[in-house]
> 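This structure is in structure tokens; I'll ask about it shortly.
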Amino acid sequence: MSKIIVGVDESPGSADAIALAGSLAGVTGATLMLVNVYPYDVHPSRALNYEFESYLHEDSVELLERLRKAHGDASVEVKAVPHPSSAHGLHALAEELDAGLIVVGSTHTGRAGRVLPGSTAERLLHGSPCPVAVAPKHYAHEAGAQPGIIGCGFDGTPASQQALETAQRIAAARGARLRAIRAFPPLAYDQPPLKGVPMGGRSYNDDLRDRASAELDEAVAKLDGEPRAERFFGVGNAAKILAEASEELDLLVLGSRGYGPLHSVLVGGVAGRVVRDAACPVIVLPRKAGHVSESSLFAEAAPSVHG
């Protein structure tokens, strides 16, 4: 069974992260682990202070127990991790446990109902060994109980096809609708038809738009089972279209950019902007080697569990 790691601290965003993680655990069968990374370097050095480390550890455990009690589920695991970097501490633990997902909340300075990752989340979104989910501010108070719509950003890459398959798995487990979203940003300097080559007045942008639309149709057709994906095709800035589309979604799934370390999350320009302005929780999946496959988080999910 997969494990969902929830990065928590004293900030209000921890409650949002726990609420999102609990919702995802309910439809995937994964177990929850609340993790607090406290600032201490355990590597041998002259700066080691065991008394101070013990104090920090006790304070961390006290926080974790308080959050577990507030969550109301005694089966939730807790772990205090010493590390000078919160993001690196969560990365290392995710690798050690082969976790299916890391969930964090948004920074308290963001707008209510919007995702705005803080410094830890920003670092998690560059190099995490497993998918990363970011909960919007005040998600714990505003999360709906209805199945809703699970969305997925699709750009024609293998990573986005994997994201679409994962989004379908979540939608099936929640009894939700599935929406595949493709944005086509036209070229600023369009090319007219070549002289002497009849194209019926069509431009290069027309041809690219049709190809992008056909790729979306092909991706939707590749999906097996239910729910069948609704297609949404927009023309314009991709980040803006996805952020606006998130207003109607309960969850948005994105793939990583097509280069960088394998098996790691690495947000590109579009995904990075979407994560910072989405109106719903966002999950970013790591890039896979070779043929795309489902995220390990959902590999053990029940085929149909309604949340």
Side-chain angles (χ1 to χ4, degrees), residues 125 131 149-172 177-249 251-260 262 264-278 280 282-295:
L125 289 166
I149 307 172
I150 307 300
C152 178
F154 180 81
D155 62 5
T157 62
S160 65
Q161 182 70 43
Q162 173 215 349
L164 186 55
E165 292 166 3
T166 298
Q168 185 193 39
R169 191 69 179 270
I170 301 173
R177 290 156 58 190
L178 174 64
R179 183 170 296 167
I181 305 163
R182 178 75 193 258
F184 169 70
L187 296 176
Y189 300 99
D190 198 5
Q191 294 289 331
L194 293 174
K195 198 170 183 179
V197 180
M199 292 183 65
R202 290 173 56 82
S203 69
Y204 188 47
N205 263 331
D206 293 329
D207 188 40
L208 290 177
R209 184 184 63 241
D210 288 349
R211 289 185 199 175
S213 181
E215 285 178 347
L216 178 60
D217 289 335
E218 183 180 351
V220 168
K222 279 183 181 179
L223 296 174
D224 292 327
E226 297 293 334
R228 304 307 302 170
E230 307 167 6
R231 73 187 301 279
F232 179 91
F233 188 86
V235 177
N237 180 273
K240 182 179 179 182
I241 287 173
L242 286 166
E244 290 176 349
S246 73
E247 297 277 0
E248 298 182 356
L249 304 177
L251 180 70
L252 177 61
V253 182
L254 301 173
S256 291
R257 64 168 51 167
Y259 58 90
L262 292 173
S264 294
V265 169
L266 188 65
V267 292
V270 171
R273 290 193 293 274
V274 173
V275 168
R276 293 176 184 87
D277 204 33
C280 69
V282 179
I283 294 181
V284 184
L285 305 179
R287 190 164 70 96
K288 299 295 183 182
H291 183 69
V292 294
S293 61
E294 286 188 14
S295 162

> Grab the two heavy atoms, one from P186 and one from G236, that are nearest each other, plus how far apart they are.
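Heavy-atom minimum between the residues: CD-N, 4.0 Å.
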> Say whether, by atom type as modelled, one donor and one acceptor occur between the side chain of S246 and the main chain of L249 under 3.5 angstrom.
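Absent.
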> As an exercise, state the distance from CZ of R177 to CD of E248, rounded to the nearest 0.5 Å.
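It comes to 8.0 Å.
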> For L242 and L252, work out which heavy atoms get closest and say how close.
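Scanning both residues completely, I find the closest heavy atoms to be O-CD2, 4.5 Å.
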> Would you compute the distance between atom CG of L125 and atom CG of L254 and round it to the nearest 0.5 angstrom?
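Answer for the CG-CG pair, L125 versus L254, is 10.0 Å.
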> Measure across G151 and A167 and return the closest heavy-atom pair with its distance rounded to 0.1 Å.
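Residues G151 and A167, closest heavy atoms: O-CB, 4.3 Å.
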> Is it true that a side-chain atom of R179 and a backbone atom of A245 form a donor plus acceptor pair closer than 3.5 Å?
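Not a single qualifying donor-acceptor pair exists.
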> Do you know which two heavy atoms are closest between I283 and P131, and how far apart they sit?
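Closest pair (atom of I283, atom of P131, distance): CG2-CB, 4.1 Å.
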> Got a salt bridge between E165 and K222, using NZ or NE/NH1/NH2 to carboxylate O under 4.0 Å?
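K222 and E165: not salt-bridged.
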> How close do F232 and L216 get, heavy atom to heavy atom, and via which atoms?
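Taking every non-hydrogen atom into account, O-CD2, 3.8 Å.
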> Using side chain to side chain contact (heavy atoms under 4.5 Å, CB included), reason through I149 and L178 one step at a time and then give a plain yes or no.
CA-CA 6 Å; I149 307 172; L178 174 64; over 6 Å; no
> For the pair D207 and R211, find out whether any cationic side-chain nitrogen is under 4.0 Å from an anionic carboxylate oxygen.
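Salt bridge: yes.
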> Which heavy-atom pair separates A278 from V282 by the least distance, and what is that distance?
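Closest heavy-atom pair between A278 and V282: CB-CG2, 3.5 Å.
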> F184 vs I241, test: side chain to side chain contact (heavy atoms under 4.5 Å, CB included). Steps then yes/no.
CA-CA 9 Å; F184 169 70; I241 287 173; over 6 Å; no
> Sub-3.5 Å donor-acceptor pair from the side chain of E230 to the main-chain atoms of I181, do we have one?
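Side chain of E230 to backbone of I181, a donor-acceptor pair under 3.5 Å: no, none is there.
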> Let me confirm one number: the CG-CD distance from D210 to E215, rounded to the nearest 0.5 Å.
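D210 atom CG to E215 atom CD measures 11.5 Å (nearest 0.5 Å).
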> Do R231 and S213 meet the criterion of a side-chain donor-acceptor pair at a distance under 3.5 Å?
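Distance-only check passes for R231 and S213.
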> Mark yes or no for whether Q161, through its side chain, and G156, through its backbone, hold a donor-acceptor pair below 3.5 Å.
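Between the backbone of G156 and the side chain of Q161 there is no qualifying donor-acceptor contact (under 3.5 Å).
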